[in-house]
There are 2 protein chains.
Amino acid sequence: MENIYQIRSVPRMFEEVTRAIVNYIQTENLKKGVKLPPERKLSELLGVSRSSVREAIRILEMLGYLESKQGGGTFVSQPEPFLIPVQIVSQYMDKQTLKKYFEMALLNAEKIISLSIELDHAEPILQIRNTDFWEGFSEWINVLGSQLENDYYLKLWNSIFPMLAKQGFLDELNIGWTLQDLLIAFQNKNKKQLDTFLSQLIKGAASSAD
Amino acid sequence: MENIYQIRSVPRMFEEVTRAIVNYIQTENLKKGVKLPPERKLSELLGVSRSSVREAIRILEMLGYLESKQGGGTFVSQPEPFLIPVQIVSQYMDKQTLKKYFEMALLNAEKIISLSIELDHAEPILQIRNTDFWEGFSEWINVLGSQLENDYYLKLWNSIFPMLAKQGFLDELNIGWTLQDLLIAFQNKNKKQLDTFLSQLIKGAASSAD
DNA sequence: GTCGATTTGTTCGTATGTATC
DNA sequence: TGATACATACGAACAAATCGA
């Protein structure tokens, strides 16, 4: 199992700059339309070359975070883009945002589960190695999702789940049942029971994000 | 209503290069791990500077499309990333891929609808201006989604829907009912009827993508 | 294990086109 | 109209990492 957190051993300038700009916008709470310092100034402030600044701006531009106009300047566009790559996420995300990501991830997990039930893949008894609930849950979702025709549900789950785990959001959710309970309900095709379990997860997140 | 397709009048080098690289990988059908020509060679081939090539590589790297190692080279990583920004999508996407995007978008639309019913926002009678079914549907989803606490469902819808419309995927779906039917079912909180309608959309896409 | 070639990482200087006042 | 500010783009140079002989 490769560690998906470890992006690379040597951090690169443009990644640092990208994080720095995101961090700057977040801490200064800059809204859409605010003009950023010119590239030359940014490169001075951060102590890097303009090229590195430009590479960072490009990425944030493509993510809808910034917008730059020749001759005009670089402006904040959407300070809260959807699905920021993990590398860019700065150290802290507030709970409200994390909750929204969580709900989005869970929607896809639910879809994977319900599609798997309908497909009736004659699933062998599931052996989940992980003892941690969420690690095990994610492993299970990966097993189910990889058998679906549409792999985007799983891709979205996997693009959000590691971030939530990294930020510690999942640790604070208390769950009144075990992964085994969930697997049993799945094997019995007990949709009602499954719905109850999953909706409890959402509610747990709601109470946690206060 | 601003045109979200027209990003800017003058296309920029790094965008062209990004598209060119994606196109190259797709037409050559390069799989994960394949090494790309070195940056200097690419800049020669495309007739642009190395800086522009690098900016394009950065973006594709951040999207998980490429991976570059100092001293090693640049390699294809995931030739089919999830949620490619519209600007990068080259002219053609095959129907199977479009169908997966469509299902993902519809999942979020369904969530928006079901959450809106539960919230009971005392919705006024919905006036949808658009005569085209999908334009009207999207407008309706935007009205509902913008009232939700979690705006990510709507963001994902809006990040996929324009692409599907642009690629003409939605035109080929034939729908046996009107938007008015859907709105009436919504106002009556007739979940069963709504489920029937939406599942028909999925099936229509399935038969279309053969 | 060393050396040299290859390739990306990073910086700097310069020229050009565009926007703003 | 003109002047200034700014992004766009190119090319050269060197550093650092990788890889193979």
Side-chain angles (χ1 to χ4, degrees), chain A residues 2 6-21 24-25 30 32-77 85 87-88, chain B residues 2 6-22 24-25 30 32-78 85 87-88:
Chain A
E2 59 184 2
Q6 183 180 345
I7 308 303
R8 51 172 53 235
S9 50
V10 183
R12 294 177 290 182
M13 282 318 304
F14 80 94
E15 286 184 359
E16 303 288 345
V17 176
T18 308
R19 272 189 286 268
I21 294 176
Y24 170 64
I25 294 172
L30 302 184
K32 180 170 181 168
V34 172
K35 187 175 179 178
L36 249 54
E39 293 179 352
R40 287 183 172 77
K41 203 118 191 175
L42 282 176
S43 74
E44 283 180 31
L45 287 170
L46 299 169
V48 298
S49 73
R50 278 201 312 286
S51 307
S52 298
V53 171
R54 286 175 60 77
E55 289 176 9
I57 289 176
R58 289 283 177 269
I59 288 165
L60 292 174
E61 207 174 346
M62 203 49 87
L63 290 171
Y65 211 93
L66 297 178
E67 191 173 347
S68 56
K69 290 174 188 168
Q70 183 176 177
T74 303
F75 304 85
V76 176
S77 181
Q87 302 99 307
I88 296 179
Chain B
E2 58 184 5
Q6 184 179 345
I7 308 302
R8 51 173 57 235
S9 50
V10 183
R12 295 177 289 179
M13 285 315 309
F14 81 95
E15 287 185 358
E16 302 289 343
V17 176
T18 307
R19 272 189 286 268
I21 294 175
V22 171
Y24 170 64
I25 294 172
L30 303 185
K32 180 170 182 169
V34 173
K35 187 176 179 179
L36 249 54
E39 294 176 351
R40 286 183 176 80
K41 204 118 189 176
L42 283 175
S43 75
E44 283 180 30
L45 288 170
L46 299 169
V48 298
S49 71
R50 190 178 159 217
S51 309
S52 299
V53 171
R54 286 178 59 78
E55 289 177 10
I57 290 176
R58 288 284 175 267
I59 287 164
L60 292 174
E61 204 174 349
M62 205 48 91
L63 290 171
Y65 212 92
L66 297 178
E67 193 172 345
S68 55
K69 290 175 191 168
Q70 183 175 176
T74 303
F75 305 85
V76 176
S77 180
Q78 291 289 359
Q87 301 99 309
I88 296 179

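The chains referred to below are lettered A, B, ... by the order of the sequence lines, with proteins before strands, and numbering in each begins at 1. Quantities reported herein were computed from a predicted structural model and do not represent experimental measurements.
Nearest to the side chain of A:Gln70, among D:dA7, D:dG11, C:dT10, sits D:dA7. With C:dG17, C:dT11, D:dA9 as the candidates, the nucleotide lying closest to the side chain of B:Ser52 is D:dA9. Distances were taken from every side-chain heavy atom of B:Met13 (C-beta onward) to each of D:dC10, C:dT10, D:dA7; the shortest belongs to D:dC10. Distances were taken from every side-chain heavy atom of A:Pro38 (C-beta onward) to each of C:dT14, D:dA7, D:dA17; the shortest belongs to D:dA7.
Distance B:Lys41 NZ to C:dT7 C1': 12 Å, rounded to the nearest Å. Atom CZ of A:Arg54 is separated from atom P of D:dC6 by 15 Å (rounded to the nearest Å). Computed from coordinates, the B:Leu42 CG to C:dT8 C1' distance equals 12 Å when rounded to whole Å. Across the protein-nucleic acid pair, B:Arg40 atom CZ and D:dA13 atom P stand 11 Å apart, rounded to whole Å. The CG atom of B:Leu66 sits 15 Å away from the C1' atom of C:dT7 (whole-angstrom rounding). One can place CZ of A:Arg58 at 10 Å from C1' of D:dA9, the figure rounded to the nearest angstrom. Rounded to an integer number of Å, the gap from CZ of B:Arg12 to P of C:dG17 is 18 Å.
Heavy-atom nearest nucleotides on DNA chain C were determined for B:Pro37 and for B:Ser51, and the one closer to the 5' end corresponds to B:Pro37. Comparing A:Glu55 and A:Gly72 along DNA chain C, the residue whose closest nucleotide (by nearest heavy atom) sits nearer the 5' end is A:Glu55.
Heavy atoms of B:Glu39 sit under 4.0 angstrom from primed sugar atoms or phosphate atoms, though from no base atom. Looking at heavy-atom distances under 4.0 Å, A:Ser43 makes no contact with the nucleic acid at all.
Closest approach of B:Leu60 and B:Val22 over heavy atoms only: CD2-CG2, 3.7 Å. The two residues B:Ser77 and B:Glu67 come nearest to each other via the heavy atoms OG-OE1, 3.9 Å. What you find for A:Arg58 and B:Phe14 is that their closest heavy atoms are NE-CD2, 3.1 Å. A pairwise comparison of heavy atoms in A:Ser68 and A:Glu61 identifies OG-OE2, 3.0 Å as the closest pair. Annotation for B:Val53 and B:Val17: closest pair CA-CG1, 4.1 Å, computed over non-hydrogen atoms.
The shortest distance between the side-chain N/O atoms of A:Ser68 and the OP1/OP2 oxygens of D:dT8 is below 4.0 Å.
A donor-acceptor contact under 3.5 Å links the side chain of A:Arg50 to the base of C:dT14.
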